[in-house]
Amino acid sequence: MLENEPCSIIENEYVKPGKGQAFNRVKLRNLRNGRVVEKTFKSGDSLEGADVMEVDMEYLYTDGEFWHFMATDGSFEQHGASAEALGDTVKWLKEQDVYVVTLFNGAVLTVAPPNFVELEVTETDPGVKGDTAQGGNKPATLSTGAVVKVPLFINIGDKLRVDTRTGEYVSRA
Amino acid sequence: MWQPSAGRDALLARQNLNQTIRRFFAERGVLEVETPVLSQAAVCDPNIEPMQTSDQRYLHTSPEYAMKRLLCAGSGDIFQIARVFRRGEAGRRHNPEFSMLEWYRVGWGPQQLMQEVAELTRTLLAAGYPQLPVMTLHYREAVQQYAAIDVFVATDDDIACRGMQLAGQDLQLSRDGWLDVIMSHAVEPALPPDTLVFIDDFPASQAALARVEKNADGMAVARRFELYLNGAELANGYHELTDAAEQRRRFVAEAGNRPVDENLLGALAHGLPDCAGVAMGLDRLLMMVLNHTDISAVLAFDWARA
């Protein structure tokens, strides 16, 4: 916990002049907004641990304000994520898919999508037959509203496998 | 984890380094000595935490005290390659157990010793750094140049304020603590690369075992120097304090509840010859020889594998 915000330590460098005070220069990522801050601490100082938990949860539905998830461990525990907590993951939400939900003090902090999702094309220019490996691409809008570049042979209604880390088309599903 | 953290090339480089050091000092008539690792007295520096054995002996954090007793007894110029121990000092450039080269030159001042330190360092690093220019800055100039603050004029608040900017928060430090932040966060990383940079004439409050004298501007400075290469501290040297009463005063002020080394104070009362001494971190030198960024790569077994 740093200034009441849950953070993860991404780098911790021990610095000590031979004849001086020892420090740790620490890079922390704010788990809420992803911002990275650099702070120095006296070596041996401690920070309060953040009550943060990662839980596998299935996406259920949205009521327009919250996006609701349910734990897959059989507990049926449900949590609603705000648009802020959801962030870009909203582009990859599909009912019944499983997401990693980070809970902080029992509330949803972030939602991470699986590395690959399968989504249907709802809008794109008509497919060009015979064009496979080579030659250009075009934008396609998916059922979630995400837009990805796809090969020319893709049609509306095709199911695509997309890499959520890069936002790139992988293959037809 | 039974495997070593160093490759065979690093073991070989260490052998070469030790041989080169011994040859260097043999050619100059400096006597190699060995002093006890376990001592009844502890280091007094409050920033260095010694380790203790179950029978109330302290592992030395540097061979300084014992070597000074030899100097008082008339040993003349001496050097030692010692394994030393400092509790809690673990990081990319720190291992709690590490190798230190320490040597003393009788009748020498800091200028002469810095020249010899530069000569030895260039010899040891010759393979990786055929050109290694040497530069000397006074502490005041270095901080002025790289952190835009004049430490001999600035108030405690000025220094704390600059330190807080660099640390990102108030660490509740003393003036010297904030100066350590400024040195380690702003000055050291900004020093010219691939250059042996000596910083000397430290604030009098950071004298440790060095003499305090008036500099040309009439300011009290500690006759102490540090050697840096590419942001890493390689050596720390003193024009040694020979005043036994002053040394006792500093020890008592700093020791806290650690036992003060009465044997050293007794030796100083007998008389330490005018001399300059320096300690050099050999593992860091090896890191530079081999271009490693982590100290574990030059240790047969690092702290986690020891």
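Just so we're on the same page: letters track the sequence lines, and every chain starts at 1.
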Chemist: Heavy atoms only, distances under 4.5 angstrom: which of Glu188(B), His94(B), Glu233(B) has the most pairs with chain A? Name it, please.
Modeler: His94(B)

Chemist: side-chain hydrogen bond (donor to acceptor under 3.5 Å, both in side chains): which pairs involve residues 99-125 of chain A, sequence neighbours left out?
Modeler: Thr102(A)-Thr110(A)

Chemist: To the nearest 0.5 angstrom, please state how far the CD atom of Glu49(B) sits from the OG atom of Ser43(A).
Modeler: 12.0 Å

Chemist: Counting only heavy atoms not in Arg305(B), do more than 12 sit closer than 6.0 Å to its CZ atom?
Modeler: yes

Chemist: Non-hydrogen contacts under 4.5 angstrom with chain B: give the residues of residues 13-26 of chain A involved, or none if there are none.
Modeler: Glu13(A), Tyr14(A), Val15(A), Lys16(A), Pro17(A), Gly18(A), Lys19(A), Gly20(A), Gln21(A), Phe23(A), Arg25(A)

Chemist: Pick one of side chain, backbone, both or neither for Gln206(B), based on which atoms fall under 4.5 Å of a heavy atom in chain A.
Modeler: neither

Chemist: So for Asp45(B), is it side chain, backbone, both, or neither that comes closer than 4.5 Å to the heavy atoms of chain A?
Modeler: side chain

Chemist: Taking Arg92(B), Glu226(B), His185(B) one by one, which has the highest count of heavy-atom pairs under 4.5 Å against chain A?
Modeler: His185(B)

Chemist: Indicate yes or no: at least one non-hydrogen side-chain atom of Leu166(B) is less than 4.5 angstrom from one of Thr40(A).
Modeler: no

Chemist: Does a sphere of radius 6.0 Å around CG in Asp88(A) hold more than 12 heavy atoms from other residues, nucleotides or ligands, not counting ones at 6.0 Å or beyond?
Modeler: no

Chemist: Select one option (side chain, backbone, both, neither) describing which atoms of Ala90(B) are under 4.5 Å from chain A's heavy atoms.
Modeler: backbone

Chemist: What part of Arg86(B) gets within 4.5 angstrom of chain A, counting heavy atoms only: side chain, backbone, both, or neither?
Modeler: side chain

Chemist: So what's closer than 4.5 Å to chain A heavy atoms on Leu173(B): side chain, backbone, both or neither?
Modeler: side chain

Chemist: So, taking the atom named CG in Asp45(A) and the one named CD in Gln172(B), what distance separates them when rounded to the nearest 0.5 Å?
Modeler: 10.0 Å

